[in-house]
Amino acid sequence: MTRFATTGGVVVAALAAALTLTACGSDDDGAKGSGPDATSSAKPGDGQGSTGPGVDAAALEGTWVGLTDGKNVTVSITAGKVALVADKAVCQGDVKDMGEVMLALKCTDGSTDRTMASIESNDGEKLVLSWDGGVKDTLSKAEQGKLPTDLPSLPTDLPSDLPTLPEMPELPSS
C-alpha cells in the first residue's frame, strides 16, 4: 500500500464511524425509556459518567483513532452513542454505566472481539480500551479536521510492485 492509501483508510474509517453515528439511528421514540437498558446509558451531563475509577463519560466524546495489530481502529462517541470501525468490523452501541463506564456494542458482521470495553485510561489525548474479546486498543484523539501525528509509520520494506489505485471519477456538482 502507499502512504496515501493508509492515511486515506484512517479518513475513510473516521467518516464511516461519523456516518454510523448520525445516519444509523432509529427515529422510533416509542421504544426509548423502556426495557432493561433504559436507565443504564451514561450520557454526558446526566451525572452517570463519573462512577468509574476517574472515568467521565463526557471525556470520551469525540473521535479516537489508532492502529491495533497493524489495522486501523476508529471509535466515535457522541451523546452516549458509540460507533466503531476496526479492520472489517463495523459496530455501534452505547456508553453504559455498569458500576463503571463501559462501551457496549453490537457488530454488523457478528464479530465479538469488540462488544464490551472497559476504559483502562483516558487523559484527553490517549484512550486505552480493554475489550472482553481480549483486544486492547490504544487510541489518540483526532482533532476535528486533522489526523493525529503520532501514528506509527509504514514499514520501509514494502514490495515495489504494489498495484496502483484507480482514478476516481469526478462527482457532478449540484
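Just the heavy atoms: all of them, side chains too, but no hydrogens, waters or symmetry mates, feed the values below. Counting begins at 1 with the first residue of the sequence.
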Next item on the list: List the atom of Cys107, the atom of Thr115, and the distance in Å for their closest heavy-atom pair.
Entry: SG-CG2, 4.4 Å
Notebook entry, point to check: If you take all heavy atoms of Glu100 and Ser118, which pair is closest and at what distance?
Noted result: OE1-CB, 3.8 Å
Next item on the list: Please report the shortest heavy-atom distance between Ala86 and Val73, naming the atom on each side.
Entry: CB-CG2, 4.1 Å
Notebook entry, point to check: What pairs with Thr68 under side-chain hydrogen bond (donor to acceptor under 3.5 Å, both in side chains), at least two apart in sequence or on another chain?
Noted result: Asp137
Item checked: Leu129 side chain near Ile119 side chain, heavy-atom distance below 4.5 Å -> yes
Next item on the list: State, yes or no, whether a side-chain contact exists between Val85 and Asn72 at a heavy-atom distance under 4.5 Å.
Entry: no
Next item on the list: Please examine the side chains of Lys126 and Ser140, heavy atoms only from C-beta on, and report whether any two atoms are closer than 4.5 Å.
Entry: yes
Margin query: For Lys141, is there any backbone N or O sitting under 3.5 Å from a side-chain donor or acceptor partner on Glu125?
Written below: no
Check: In Å and rounded to the nearest 0.5 Å, what is the CG to CG distance from Leu139 to Leu67?
Finding: 9.5 Å
Next item on the list: State the CG-CD1 distance between Leu60 and Ile77, to the nearest 0.5 angstrom.
Entry: 4.5 Å
Next item on the list: Indicate yes or no: at least one non-hydrogen side-chain atom of Asp94 is less than 4.5 angstrom from one of Lys81.
Entry: yes
Check: Atom CG in Leu127, atom OG1 in Thr63: separation rounded to 0.5 Å?
Finding: 11.5 Å
Check: With Lys136, which residues qualify under side-chain hydrogen bond (donor to acceptor under 3.5 Å, both in side chains), at least two apart?
Finding: Glu120
Notebook entry, point to check: Side chains of Arg114 and Val75: closer than 4.5 Å at any heavy-atom pair?
Noted result: no
Next item on the list: Return each pair, listed once, that meets salt bridge (charged side-chain N to carboxylate O under 4.0 Å, His left out) where at least one residue sits in residues 82-93; pairs must be two or more places apart or across chains.
Entry: Lys71-Asp87
Item checked: Within 6.0 Å of CG in Asp123, more than 12 heavy atoms from elsewhere -> yes
Notebook entry, point to check: What closest approach, in Å, do Ala59 and Trp64 show between heavy atoms, and which atom pair accounts for it?
Noted result: O-CZ2, 3.9 Å
Margin query: Please find the pair of heavy atoms, one from Glu61 and one from Gly80, that lie closest to each other, and give the distance.
Written below: OE2-N, 3.7 Å
Notebook entry, point to check: By side-chain contact (heavy atoms from CB on, under 4.5 Å), which residues pair with Asp113, not counting sequence neighbours?
Noted result: Ser111, Val135
Notebook entry, point to check: How far apart are the closest heavy atoms of Val65 and Ala142, and which atoms are they?
Noted result: CG2-CB, 4.4 Å
